[in-house]
A.B. asks: 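Dumping the structure here so I can ask a few things about it.
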Protein chains: 2
Amino acid sequence: MASSSRVLPALRRAQRVSCQIRPAWASRVQAQKRWVGGTSATSEPKQPDAEGGTKGKTAPANTIKFTSESYPELKRNSKFAELTPEHVEYFQSLLGSESAIIDNTSSAAEDDVEPFNSDWMRKYRGHTKLVLKPESTEQTSKILKYCNDNMLAVVPQGGNTGLVGGSVPVFDEIVINLSRMNKIRSFDDISGILVADAGVILEIADNFLAEKNHIFPLDLGAKGSCQIGGNVATNAGGLRLLRYGSLHGNVLGIEAVLPDGTIVDDLSKLRKNNTGYDLKHLFIGGEGTIGIITAISILCPQRSQAVNVAYFGLESFEKVQEAFKEAKGQLSEILSAFEMMDGESQILWKKAKNSKLPLEGEYPFYCLIETSGSNTEHDSEKLQSFLEHVMDRSIVSDGVVAENQTQAASLWSCREGVPEASQHWGGVYKYDVSLPIAEMYQLVIDCRKHLSDKGLIGDEDSFPIIDAVGYGHMGDANLHLNVCVRRYDKAVEKALEPWVYQWIAKRNGSISAEHGLGIAKAPFVGYSKNATLIKLMKQIKDLYDPNGIMNPYKYIGV
Amino acid sequence: MASSSRVLPALRRAQRVSCQIRPAWASRVQAQKRWVGGTSATSEPKQPDAEGGTKGKTAPANTIKFTSESYPELKRNSKFAELTPEHVEYFQSLLGSESAIIDNTSSAAEDDVEPFNSDWMRKYRGHTKLVLKPESTEQTSKILKYCNDNMLAVVPQGGNTGLVGGSVPVFDEIVINLSRMNKIRSFDDISGILVADAGVILEIADNFLAEKNHIFPLDLGAKGSCQIGGNVATNAGGLRLLRYGSLHGNVLGIEAVLPDGTIVDDLSKLRKNNTGYDLKHLFIGGEGTIGIITAISILCPQRSQAVNVAYFGLESFEKVQEAFKEAKGQLSEILSAFEMMDGESQILWKKAKNSKLPLEGEYPFYCLIETSGSNTEHDSEKLQSFLEHVMDRSIVSDGVVAENQTQAASLWSCREGVPEASQHWGGVYKYDVSLPIAEMYQLVIDCRKHLSDKGLIGDEDSFPIIDAVGYGHMGDANLHLNVCVRRYDKAVEKALEPWVYQWIAKRNGSISAEHGLGIAKAPFVGYSKNATLIKLMKQIKDLYDPNGIMNPYKYIGV
């Protein structure tokens, strides 16, 4: 959209899209790889690197503050055993290969162990001295049984791309890393059912499926690193949820290992199986607290040939809702994304990128629509007709339609560049939440006022906050609230928490739409789940993991 | 299709469909109402009525054999208390209204209680003396708490339309019928989220949604009687699963009451909520064995404006698979049904109905395709182009496309009339199973041979079996195997069971694709779930229902 000739001033002149292009996300992945912070986090790393803010190079892992220091209220549970040479010997004899074990009990492998101890945000850092990389379900079973028998705490770890500190140790928990379990076991191109090891990287699975003209029913910024087992364990949402639904609907079966070593073989390849409680759902979103997922079976849809993208400006959040309703009605089966960005987020993006927005005028709200279907012409016609309809009714004020893949990627960057832009001037406090759709944007308005009342927000450098912006997946009523700051400030943190969580709780929203609880949100689960549900969840935890060795100090365990 | 002028002899001349009609299922519902046996059962009522077979009027409830007599191995568990006048008094004072309680403890209400004691297939009949109809979650809670404290066994009951005897008592369990909890609580036409009491009848919910241009993401033959709470409790599959996915994906929240009276309020109206174990999935398909669902929250899609139906003949099951693969690719987002019927099933239908088939020639296999989308012209064009493609490649041999709603309903009747036709000459043994798609039809072939080897199948009256036919939801790899008999015969039953279940188990299929376990399949769960899974399921049952009062003698409890 950089060239003005490509920017159509008004929607009535929007061009027919004839883009038999690869799906837009193919290019989005590239775009996202430039900034690791592409997905949204709860709150920001408390430790900006030496070059200031989050703009510079990230600090080396061993300079990151230990989680045990950031969360001094957490104490190592003395019921857990400490690693002995005998323990390490057992694991060495079990796993055999040298590459399968990283042993830092004698401080000989300090650098090697660090990447497994800390997360990519440089926010969480544990004290593990042992990393195990089983290559089979049987090895995983033997590891867990031994740990359970010997009261050794463990942390299951996939691609370690999470945002809530769920996949790194807090104290000296043993890391069980799934990366060597990375085989695609089977794919049936008639049913579209894929069976694969938990350690398969999402992008590799998706590329494999692309060759078979299918698509993994989940897409997210970290796809180049995250593993499908971790995706299932954290019930990842991502970019395709509006179209393909949640993992609870798409995952057909799992293979998992319980703490006592029991292998749960529920790797069904059936769409319908009504023979008893569907236990796999406890592991989906269980964040490795009751067992380790070692393989999944998942239903994959056919890949869409035609992808169209449009971007438009609107006068109010009411109009955004109207536009969404019309899109659901008219684009219906081809609608694959409906993203909302407020005007402030787009101004921020424009300034940070020193770039132009796709539309000439300024609007309080913007939306990005993507369609994916099997027929380019039909889809373009539907999109065109939809856009004319919403223009005629003054629901939408102005808009553009991408004419090719480059333009589509460019439009997407206005949405996907917001997280990076949010932290451009120093840092950002992030909240990824779910709310009743009508009240979704009110959180941003109320938050802005709340921060303003506290005298924290302003144009001058003396104010810590630049602005609070809102954007997100309108189709899933999933809002990203970003509070953009010039510097991290305890006063800002205090003003935000638990104020944000309380606001959400009053409207029966979710404090974690996408990223689970981990360590970051564990203390706040009560804002989204009532006491009865928490009690029932603790029952499940105690039932499956009576010794509490699985991913301790996190989730509902604190 | 009755008039030959409406039947197009070859697909190349198939007409463009211009049917801005109500969705085909609107008419299907009418058609199905003519025969209650429209959905498929495990095995047939052992007690044909007085007029012979299943053709005549059904026998009055009080002439049905008691389940306790059909299953003499089941004994009443003596740990359960027997009803006393004090118990009844408590319930009377709790429920107040006379219409909320049917008390037959003194045999004064024998006729009134019978409809709640037996199922519509006239196969199962219990000995209950008390039916309770709470009108609120709170009343349900108090009933269950009292029953749990007093060791009174209960059976939750919705529309009582199940096929496996799950919703009627075996002995003197108290029936808790949800029919008075029948309010729609809320609907948000932006998000499409419906919240409703468990006792709302499916068709009423769907009609309510139709007025709002939405659709309930589940449809089945019994929609005029079944209740949405029962649908969720049995994880009903039905006709829309291919398009909209399973209830595990669509149900966003539930409200349920545990045996101890605890009200589980997990009635989330959010598409994304990642804050702990997603416990609602234990109740979906839990068949009322760990609690009673009192309300659900469910995501409902927009209603499709355009519906097209095509019917065609193919030379082999391999071609059926090819056609399915092509349909997934080309019809992709608009494909809403892909049904398979073997030639034998269509001949049976033709003879039973004394009618013509839509195509002139005879084929080993037939398929019915339905598309549902937002644009009539686009959909017709896609369907046309798909049909030309599969004709050109000789995947499909001949076919017709419905030109209007009447024709669409007529085509559907060739598929939906098979269950009725199957029992036309006396009776039928039915199996509703799920298999890897490539092996799906082999069950019918092997079964036919197996029955033939046993000398049970033949054209003359001396043979008990007329034929074994196969049909079902190709899109879900869900096969209906119907063994059509001239009369019920122990030798047939012995030849079929456990032979069918063993065949399925060898291929990791499911012995119950759609209808749950109930009492009918409880003894056979081991054919679809391994010992570990059964052990884990029993753990869950014991955790939630330590006294075992919920729906005893069924599911995994035996």
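Residue numbers begin at 1 in each chain, while the letters A, B, ... track the order of the sequences.
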A.B. asks: Report which part of D188(A) has an atom under 4.5 Å of a heavy atom belonging to chain B: side chain, backbone, both, or neither.
C.D. replies: side chain

A.B. asks: The test is side-chain contact (heavy atoms from CB on, under 4.5 Å); show your working for N274(A) and E287(B) and say whether it passes.
C.D. replies: CA-CA 10 Å; N274(A) 255 340; E287(B) 299 187 35; 5.8 Å; no

A.B. asks: Flag the one option from G329(A), S246(A), A477(A) with the top tally of heavy-atom pairs under 4.5 Å to chain B.
C.D. replies: G329(A)

A.B. asks: Any idea which of L299(B), L517(B), I284(B) has the most non-hydrogen atom pairs under 4.5 angstrom with chain A?
C.D. replies: L517(B)

A.B. asks: Among G373(A), G285(A), P301(A), A438(A), which residue has the highest count of heavy-atom pairs closer than 4.5 Å to chain B?
C.D. replies: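 Option with the top pair count is G373(A).
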
A.B. asks: Side chain, backbone, both or neither: which part of K541(B) has a heavy atom under 4.5 Å from chain A?
C.D. replies: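 Its backbone and side chain both get close to chain A.
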
A.B. asks: Below 4.5 Å, heavy-atom pairs only: which of D189(B), I190(B), V264(B) has the largest tally toward chain A?
C.D. replies: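 Most heavy-atom pairs within the cutoff with chain A belong to I190(B).
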
A.B. asks: Do you know which of G249(A), G245(A), G475(A), G276(A) has the most heavy-atom pairs with chain B at a distance under 4.5 angstrom?
C.D. replies: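 Maximum pair count with chain B is reached by G276(A).
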
A.B. asks: Between D266(B) and chain A, which part of the residue has a heavy atom less than 4.5 Å away: side chain, backbone, both or neither?
C.D. replies: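 For D266(B), backbone and side chain are both near chain A.
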
A.B. asks: Counting only non-hydrogen atoms closer than 4.5 Å, does Y544(B) touch chain A with its backbone (N, CA, C, O), its side chain (CB onward), both, or neither?
C.D. replies: side chain

A.B. asks: For the backbone of D265(B) and the side chain of N530(A), can you confirm whether one donor and one acceptor N or O come within less than 3.5 Å of each other?
C.D. replies: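 It does hold such a pair.
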
A.B. asks: Give, as side chain, backbone, both or neither, the part of E333(B) having an atom under 4.5 angstrom from any heavy atom of chain A.
C.D. replies: both

A.B. asks: Using heavy-atom distances under 4.5 Å, tell me whether S268(B) contacts chain A through its side chain, its backbone, both, or neither.
C.D. replies: neither

A.B. asks: Taking every non-hydrogen pair under 4.5 Å, which of S332(B), G516(B), G237(B) racks up the most with chain A?
C.D. replies: G516(B)

A.B. asks: Heavy atoms only, distances under 4.5 angstrom: which of T532(A), N508(A), N235(A), N213(A) has the most pairs with chain B? Name it, please.
C.D. replies: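 Of T532(A), N508(A), N235(A), N213(A), N235(A) has the most heavy-atom pairs under 4.5 Å with chain B.
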
A.B. asks: Most heavy-atom pairs under 4.5 angstrom with chain A, which of I263(B), N273(B), T262(B), T275(B)?
C.D. replies: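 The answer is T275(B).
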
A.B. asks: Which value, rounded to the nearest 0.5 Å, describes the distance between I540(A) atom CD1 and Q539(B) atom CD?
C.D. replies: 9.0 Å

A.B. asks: Just so I understand: if I count every heavy-atom pair under 4.5 Å between each of V433(B), T289(B), N250(B) and chain A, which residue has the most?
C.D. replies: T289(B)

A.B. asks: Given that the side chain runs from C-beta out, which part of K529(B) has a heavy atom under 4.5 Å from chain A: side chain, backbone, both or neither?
C.D. replies: side chain

A.B. asks: Would you mind telling me which of Q302(A), H281(A), E322(A) has the largest number of heavy-atom pairs within less than 4.5 Å of chain B?
C.D. replies: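 So the answer, after comparing Q302(A), H281(A), E322(A), is H281(A).
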
A.B. asks: Rounded to the nearest 0.5 Å, what separation is found between the CG atom of L247(A) and the CG atom of D278(B)?
C.D. replies: 11.5 Å

A.B. asks: Is the Y277(B) ring parallel, tilted or perpendicular to the Y555(A) ring (thresholds 30°, 60°)?
C.D. replies: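 Ring orientation, 0 to 90° scale: perpendicular.
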
A.B. asks: Which bit of L241(B) is near chain A, if near means a heavy-atom gap under 4.5 Å: side chain, backbone, both or neither?
C.D. replies: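 Backbone plus side chain of L241(B), per the 4.5 Å heavy-atom cut-off to chain A.
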
A.B. asks: Please classify the contact of K382(B) with chain A as side chain, backbone, both or neither, using a heavy-atom distance under 4.5 Å.
C.D. replies: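 For K382(B), the contact with chain A is made by backbone and side chain together.
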
A.B. asks: At a heavy-atom separation under 4.5 Å, does A513(A) approach chain B through its side chain, its backbone, both, or neither?
C.D. replies: both

A.B. asks: Would you say NZ of K280(B) has more than 12 non-hydrogen atoms from neighbouring residues, nucleotides or ligands within 6.0 angstrom?
C.D. replies: yes

A.B. asks: How long is the straight-line distance from CG of L270(B) back to CG of L435(A), given to the nearest 0.5 Å?
C.D. replies: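 Going from the CG atom of L435(A) to the CG atom of L270(B) covers 7.5 Å.
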
A.B. asks: Is T234(A) close to chain B through its backbone or its side chain, or both, or neither, when contacts mean heavy atoms under 4.5 Å?
C.D. replies: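 Backbone only.
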
A.B. asks: Out of V525(A), L536(A), N375(A), which one racks up the most heavy-atom pairs below 4.5 Å with chain B?
C.D. replies: L536(A)

A.B. asks: Are Q330(B) and S374(A) close enough that a side-chain donor and a side-chain acceptor fall under 3.5 Å?
C.D. replies: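 Per modelled atom types, Q330(B) and S374(A) side chains form no pair under 3.5 Å.
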
A.B. asks: Does I437(B) reach the side chain of I193(A), with side-chain heavy atoms less than 4.5 Å apart?
C.D. replies: no

A.B. asks: After noting the C-alpha distance and the side-chain angles of R271(B) and H473(A), does the key distance pass the side-chain contact (heavy atoms from CB on, under 4.5 Å) rule?
C.D. replies: CA-CA 11 Å; R271(B) 264 196 98 162; H473(A) 315 295; over 6 Å; no

A.B. asks: Name the orientation class of the two ring planes belonging to H378(B) and H378(A) (parallel below 30°, tilted from 30 to 60°, perpendicular beyond 60°).
C.D. replies: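 The arrangement is parallel - the two ring planes meet at less than 30°.
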
A.B. asks: To the nearest 0.5 Å, what is the distance between OG (S191(A)) and CD (Q321(B))?
C.D. replies: 10.0 Å

